[in-house]
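Here's the structure we're looking at; comments come further down.
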2 protein chains.
Amino acid sequence: MPQENSAAKVLHHLKQDILKGVFAAGHKLKMSALKERYKVGVNPLREALSQLVVMQLVQVQDQRGYRVCPVTQSELVDIYDTRARIESLCVGLAIVRGDDAWEAGIVAAAYQLQANADLLKADGDIQAWEQLHQQFHYSIVQGCGSKELLRVRLDLYEKASRYRNLWLQHNAGHGAFDVNQMEHEQLVKATLARDAELAKKLISQHIQVPSQVLRDLL
Amino acid sequence: MPQENSAAKVLHHLKQDILKGVFAAGHKLKMSALKERYKVGVNPLREALSQLVVMQLVQVQDQRGYRVCPVTQSELVDIYDTRARIESLCVGLAIVRGDDAWEAGIVAAAYQLQANADLLKADGDIQAWEQLHQQFHYSIVQGCGSKELLRVRLDLYEKASRYRNLWLQHNAGHGAFDVNQMEHEQLVKATLARDAELAKKLISQHIQVPSQVLRDLL
DNA sequence: TTTTAAACTAATGTCGAAATTTTAATACCT
DNA sequence: AGGTATTAAAATTTCGACATTAGTTTAAAA
């Protein structure tokens, strides 16, 4: 098993902590506090923070350390709008390029998501549901076959995570999940029917849902 | 004047050196050599390298240091294909959203590029020409108004730079510049006429040109 | 009371060196 | 000879300490 270095480990944990909201937007990331929390020295920490700066999750001020990037309404709208366009691009390409295995993967992921939806909803295990949800959407876009496009998509997904977690938190218990499930069925139907125009329209709307809700909240 | 730290300075220089081909694809980046070249300690170096890893210009192998990412034909094709699609997206949005100032900016940048093209071609100052070329295309896509989309575009542009420099090197002195100039005129015409479909088609083809040539070279 | 300056505290950024791991070179055995 | 174990050299990664800079409190002067 490849033993990754301290910087890689702290990067993973720190990133999750920021995305999950453990460190709120604008929070000052003091070296002493982070050293304490992750049990590492300053140098691995600085490496991890440097990487988070490139990912635009952390800001750096010269000689004044690091802080979590602020969240703004305009960035929220921009990210979700751009995500919708990129995901549309992926879906359109996947419909053109996807083969039998791709179709089978979609059906499998859709089944998994639906089968576990009620269970997880009852448990309140939103993270597990989000995992299946992500897997479902990935099974579709994966058919586009472009590593670069999929990476752009992933970057935007992660950048949206902080906002999405606010939404999940706000919408826990609401009927949004059932609407969500219906949208998924329509999307699968349009995708397998290779109806690119409809599928692109559906995925675009589906992605924008949290944005609509959160817009008034920020 | 904000004095940036060592890591930021070395990041800039090292990145340029990789993009310009000073360090070839696959080249091992030894700490001792980099320390010597950039006159800094190992820690700022590791911070810069960490950031280049996120930008996918450098690979890291645990306990085995860093090396410049390899270049492959499949990545070349993927990057240029994805760039064409993203740039199309930007152009389409800019045509819908662009205002008078946007139009004026395009005309100005196009004039600058054309006015200096012959001069720079004679001098062989390709870097200066590339600067104006980049400015010209940015003046168009800038009208899309989406920071996220423009950032994705910039990331892909930089990732393509290593391949583009191979192309510029290979095509110095050829008649490609004149063809290029004609494509620009058509693009400006279609864009200012707000003909989205034509402009998107033109920019997509324009971007793919180096890819076509390089495909056989790698 | 307000303003300015100075001293003190705390945090960041950098270097040199130690500890760990990989790479190579050499010797050894079948 | 071929392959394996041993040893030495080189490179990466991490820590501790120091210099530098920012932020805060205290004190003095207007």
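Hydrogens, waters and symmetry mates are skipped; everything else that's a heavy atom, side chains included, is used. Note that the coordinates shown come from a computational prediction; the quantities given were computed from them, not determined experimentally. In what follows, chains carry the letters A, B, and so on, assigned in the order in which the sequence lines appear, proteins first and then strands, with residues in each chain numbered from 1.
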**Asked** Reckon B/Lys35 touches a base, only the sugar-phosphate, or nothing at all at heavy-atom distances under 4.0 Å?
**Response** nothing
Separation of [N] [atom2] from [X] [atom1] (nearest whole Å):
X       : N      : atom1 : atom2 : result
B/Arg67 : D/dA11 : CZ    : P     : 14 Å
B/Met31 : C/dA19 : CE    : C1'   : 16 Å
B/Gln61 : C/dT20 : CD    : C1'   : 17 Å
A/Tyr66 : C/dG13 : OH    : C1'   : 9 Å
A/Tyr38 : D/dT14 : OH    : P     : 17 Å
B/Leu49 : D/dT12 : CG    : P     : 10 Å
B/Glu4  : C/dT12 : CD    : P     : 19 Å
A/Lys39 : D/dC15 : NZ    : P     : 13 Å

Could you check which of [options] has an atom nearest any side-chain atom of [X]?
X       : options                : result
B/Asn5  : C/dT14, C/dT22, D/dT12 : C/dT14
B/Lys28 : D/dT12, D/dT13, C/dG13 : D/dT12
A/Gln63 : C/dG13, D/dT13, D/dT12 : C/dG13
A/Pro44 : D/dT14, D/dA22, D/dT13 : D/dT14
B/Ser6  : C/dT14, C/dT12, D/dA11 : C/dT14
A/Arg64 : D/dT12, D/dG23, C/dT14 : D/dG23

**More than 12 heavy atoms from other groups under 6.0 Å of CG on B/Asp99** = yes
**Heavy atoms from other residues, nucleotides or ligands near CG of B/Asp100 exceed 12 (cutoff 6.0 Å)** = no
**Message:** Need to verify one output field. Residue with the more 5' nearest nucleotide on DNA chain D, B/Lys30 or A/Gly41?
**Reply:**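 Of the two residues, B/Lys30 wins.
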**Asked** With no hydrogens and no angle check, do the side chains of B/Ser88 and B/Arg85 hold a donor and an acceptor under 3.5 Å apart?
**Response**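 On atom types as modelled, these side chains do not qualify, holding no pair under 3.5 Å.
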**Request:** Please state whether the rings of A/Tyr163 and A/Tyr80 are parallel, tilted or perpendicular, taking 30° and 60° as the class boundaries.
**Result:**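 Rings of A/Tyr163 and A/Tyr80: perpendicular, over 60°.
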**Prompt:** Should the pair B/His133 and B/His137 be assigned to parallel (<30°), tilted (30 to 60°) or perpendicular (>60°) ring geometry?
**Reply:** perpendicular
